[in-house]
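Residue numbers start from 1 in every chain, and the chains themselves are labelled A, B, ... in the order their sequence lines are given, proteins ahead of strands.
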2 protein chains.
Amino acid sequence: MGVTKTDIFTNQQNKLAMQLKAIAHPARIAILQQIIKANACICGDLVDELGLAQATISQHLKELKNAGLIQGSIEGVSICYCIEPVAWKNLQNEINNMFASYKDVNTCC
Amino acid sequence: MGVTKTDIFTNQQNKLAMQLKAIAHPARIAILQQIIKANACICGDLVDELGLAQATISQHLKELKNAGLIQGSIEGVSICYCIEPVAWKNLQNEINNMFASYKDVNTCC
DNA sequence: AACATCTATCGTAATATTACGATGGATTAA
DNA sequence: TTAATCCATCGTAATATTACGATAGATGTT
């Protein structure tokens with residue numbers, strides 16, 4: 001027990017859950033917002049912007065990267081992160097579809 | 001340690017993270033999809049539809065309810081769940097804003 | 001009242017997440 | 001080369017999540 005039963009769900013459901021989970025943390029939301037806002041991808045600035053330790057920020061960046069939502073490239077001594085456009089738009093579509101499938105006929109409850 | 005530092009983030013960031021976390025599980029995605037599909041809110045049918053124990057489904061429903069995304073009403077001996085329209089649309093907007101704020105200028109990384 | 005049905009909750013075990021200090025590897029500057 | 005800077009990773013403690021059996025409460029049926 002204690003582990004999610006991914007085998008009884010579809011690949012689509014598992015992937016969507018995995019990517020949503022990557023976003024579902026205030027620090028990672030703040031990181032994404034900062035990356036989007038600054039466009040010219042930030043790196044260690046995130047440590048100053050948010051009030052978290054460097055190791056913690058690095059860990060959050062790793063999760064966003066593992067989910068495929070951001071990408072990083074070496075920029076001199078520091079590392080530059082930015083949105084991974086394809087995954088970002090795919091996720092946007094998946095979420096849109098999910099929300100759009102709900103028709104507010106409200107004939108229940 | 002081990003607890004999310006909500007105090008250093010905005011209410012908006014915390015709320016969005018909280019609601020996204022509620023959705024960020026394949027079982028809860030499947031539950032939401034089923035509720036939307038059936039419209040006429042299901043209840044114990046979810047236990048049959050998904051391959052999870054009744055206690056587990058009930059726990060997932062509770063989390064969706066705590067996040068304000070669904071509502072339940074007593075329907076005879078069983079309980080009928082459906083989408084909470086207001087929260088659902090608010091969340092849809094919040095997510096849309098987040099994704100829409102990204103302009104694919106790709107001048108980095 | 002007695003019974004059946006449905007669901008919420010309790011208790012619990014296994015695992016995952018969160019945060020941070022400390023350390024090490026890579027790159028640039030002196 | 002030496003020192004400085006930046007970041008990833010390791011190790012770890014505290015807490016949260018996930019899943020399920022067992023049980024209890026509520027409603028409907030006989």
| query | Quick one: is C:dA19 close enough that its OP1 or OP2 comes under 4.0 Å of any side-chain N or O from A:His60? | reply | yes
| field | Nearest-angstrom distance from the residue atom CG of A:Leu61 to P of D:dA8 | value | 6 Å
| said: From CG of A:Asn14 over to P of D:dT18, roughly how many Å is that when rounded to an integer? | reply: 13 Å
| Closest to the B:Lys5 side chain: C:dA19, D:dA19, D:dT18? | C:dA19
| request: With DNA chain C as reference, determine whether A:Val77 or A:Ala53 sits nearer its 5' end, using the nearest nucleotide of each. | output: A:Ala53
| remark: With the side chain defined as heavy atoms from C-beta on, B:His25 is closest, among C:dA8, C:dA19, D:dT18, to D:dT18
| query | Once you round it to whole Å, what is the distance between P of D:dA8 and CG of A:Leu64? | reply | 12 Å
| task | Round to the nearest Å and state the distance from B:Leu52 atom CG to D:dT17 atom P. | result | 17 Å
| Between atom CG in B:Leu50 and atom C1' in D:dC20, what is the gap in whole Å? | 15 Å
| Separation of atom CG in B:Asn66 from atom P in D:dA16, rounded to whole Å | 14 Å
| request: Compare the minimum distances between each of D:dT27, D:dA8, D:dA19 and the side chain of B:Ile74, then state the nucleotide with the smallest one. | output: D:dT27
| task | Using the side-chain hydrogen bond (donor to acceptor under 3.5 Å, both in side chains) rule, pick out the option among B:Lys89, B:Gln19, B:Gln12, B:Lys15 that qualifies with B:Glu94. | result | B:Gln12
| Can you check the A:Glu75 CD to C:dT27 P distance for me, whole Å? | 14 Å
| First of A:Thr4 and B:Gln54 reached from the 5' end of DNA chain D, by closest nucleotide | A:Thr4
| query | Given D:dC20, C:dT7, C:dT9, which nucleotide is nearest the side-chain atoms of B:Thr56? | reply | D:dC20
| query | Would a 4.5 Å heavy-atom cut-off, applied to side chains only, mark B:His25 and B:Glu63 as touching? | reply | no
| query | Name the one of A:Ile79, A:Thr56, A:Ile31 that satisfies side chain to side chain contact (heavy atoms under 4.5 Å, CB included) with A:Leu61? | reply | A:Ile31
| said: Please compare A:Lys65 and A:Val3 by the position of their nearest nucleotide in DNA chain D and report the one closer to 5'. | reply: A:Lys65
| request: Using whole Å, report how far CG of A:Asp48 lies from C1' of D:dC7. | output: 13 Å
| query | Is the backbone of B:Ala17 close enough, under 3.5 Å, to the side chain of A:Arg28 for a donor and an acceptor to pair up by distance? | reply | no
| message | At less than 4.0 Å, is any side-chain N or O atom of B:Lys21 found next to OP1 or OP2 of D:dA16? Yes or no. | response | no
| message | So if I take every side-chain heavy atom of B:Ser58 and compare against C:dA16, C:dA8, C:dC20, which nucleotide ends up nearest? | response | C:dA8
| request: Heavy atoms only: give me the nearest B:Glu84-B:Ala87 pair and the separation to one decimal. | output: OE1-N, 2.8 Å
| said: Determine whether a donor-acceptor pair (one donor, one acceptor, N or O, separation below 3.5 Å) exists between the side chain of A:Gln59 and the base of C:dA19. | reply: yes
